[in-house]
Amino acid sequence: MKNNKLYLTVFLIAFIVIGGLGVLIYSNSISSVKSDSMKPTPTPTQKSQFRYLFGDFSGDHANYTFQTPPEEKIYADDCIGCKQEVGNLVIFAEFGCPNQSKYLFESNSSRGVEEETIKTDKKGEIIGKKRLTISKSNGEIIQSRIFWIENNEDFWAILAPNPETAKDFEKSKEYEWVRKKVAEEMESYVPIQNANTERLKVLKEKKCNEK
């Protein structure tokens, strides 16, 4: 009789344990299914290859820096142990000084012009000459520049790791964003008025008007 009770007790304990394990396994399976079903389904999105990092507008000049794709990064080989990557894209401009713009255009051209084309605006009207130069290190291209002059007084340039990236940026929505932002900054810009800024203004006008 005692043995029957013992067997019954052992059986009940085993049944409870097995039943509990079964419920636990089933619950985990359900949770896993629910968890998977709640994960967001990836949707295709068009990502830009240029990510804005920082920029500056100072009335007579502006520059904006963008991060380029990782595969275009290179590392300085003239510094042992350095891990400083280079390869970001920069677009900059100098405004309102024909002499300075002409100097920048010619000095950049002295690097060796790879291409010369015509720069046009949105309407297709000709702005002027546009040139492309490249810089090399150990036989490999490390930088490319596209530059031009607008309104006979504003110098613009795009610096990128290679010619393809510079050309792609010129056609990108980020380029259009920069142009729009610069136009807005020019409209709202109020220079600081003091003796020093007036002196610098006079010097700049004198320099820009020299023939």
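Predicted model only: the values in this text are computed from it and were never measured.
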Salt bridge present between [X] and [Y] (N-O < 4.0 angstrom):
{"X": "Glu170", "Y": "Lys130", "result": "yes"}
{"X": "Glu150", "Y": "Arg179", "result": "yes"}
{"X": "Glu153", "Y": "Lys102", "result": "no"}
{"X": "Arg131", "Y": "Glu114", "result": "no"}
{"X": "Lys181", "Y": "Glu185", "result": "yes"}

Of all residues at least two apart in sequence or in a different chain, which pass the ring-ring contact (aromatic ring centres under 6.0 Å, His included) check with Phe169?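 With neighbours one apart ignored, the set is Phe50, Phe66.
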
Between the side chains of Asp56 and Ser58, does any donor sit under 3.5 Å from an acceptor?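 Ser58 and Asp56 do have a side-chain donor-acceptor pair below 3.5 Å.
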
Donor-acceptor side-chain pairing of Thr165 and Asn162 below 3.5 angstrom: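 Yes, because at least one side-chain N or O of Thr165 sits under 3.5 Å from a partner of the opposite role on Asn162.
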
Flag side-chain contact, heavy atom, 4.5 Å: [X] against [Y]:
{"X": "Val182", "Y": "Phe95", "result": "yes"}
{"X": "Leu132", "Y": "Arg145", "result": "no"}
{"X": "Leu89", "Y": "Thr65", "result": "no"}
{"X": "Ile134", "Y": "Gln143", "result": "no"}
{"X": "Glu125", "Y": "Thr120", "result": "no"}

Near [X] [atom1], under 6.0 Å, is it more than 12 heavy atoms from other residues, nucleotides or ligands?
{"X": "Asn152", "atom1": "CG", "result": "no"}
{"X": "Tyr52", "atom1": "OH", "result": "yes"}
{"X": "Ile126", "atom1": "CD1", "result": "no"}
{"X": "Lys119", "atom1": "NZ", "result": "yes"}

Say whether [X] and [Y] are linked into one hydrophobic cluster, either directly or through other cluster members, by side-chain heavy-atom distances under 4.5 angstrom.
{"X": "Trp148", "Y": "Val178", "result": "yes"}
{"X": "Phe57", "Y": "Leu159", "result": "no"}
{"X": "Tyr175", "Y": "Met186", "result": "yes"}
{"X": "Tyr103", "Y": "Phe147", "result": "yes"}

If you take all heavy atoms of Phe105 and Ser109, which pair is closest and at what distance?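 Here Phe105 and Ser109 meet closest at O-OG, 2.7 Å.
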
How long is the straight-line distance from [atom2] of [Y] back to [atom1] of [X], given to the nearest 0.5 Å?
{"X": "Glu115", "Y": "Ser144", "atom1": "CD", "atom2": "OG", "result": "8.5 Å"}
{"X": "Ile146", "Y": "Ile91", "atom1": "CD1", "atom2": "CD1", "result": "10.0 Å"}
{"X": "Ser107", "Y": "Gln100", "atom1": "OG", "atom2": "CD", "result": "8.0 Å"}

Per the side-chain contact (heavy atoms from CB on, under 4.5 Å) rule, which among Thr68, Ile141, Asn88, Ile142 passes with Pro161?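 Per the side-chain contact (heavy atoms from CB on, under 4.5 Å) rule, the option paired with Pro161 is Thr68, out of Thr68, Ile141, Asn88, Ile142.
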
What verdict does the side-chain contact (heavy atoms from CB on, under 4.5 Å) test give for Arg51 and Glu174, after you've listed the backbone C-alpha separation in whole Å, the side-chain angles of each residue and the deciding distance to 0.1 Å? CA-CA 9 Å; Arg51 185 169 70 88; Glu174 286 76 17; over 6 Å; no

Determine the interplanar angle of the Trp177 and Tyr64 rings, folded into 0 to 90°, and report it as parallel if under 30°, tilted if 30 to 60°, perpendicular if over 60°.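 Perpendicular, since the angle between the ring planes exceeds 60°.
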
When you measure from the side chain of Asn138 to the backbone of Glu140, do you find a donor-acceptor pair of N or O atoms at a distance under 3.5 Å?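 No: the side chain of Asn138 does not pair with the backbone of Glu140.
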
Indicate, with yes or no, if the rings of Trp156 and Phe92 have centres closer together than 6.0 Å.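 Ring centres of Phe92 and Trp156 not closer than 6.0 Å.
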
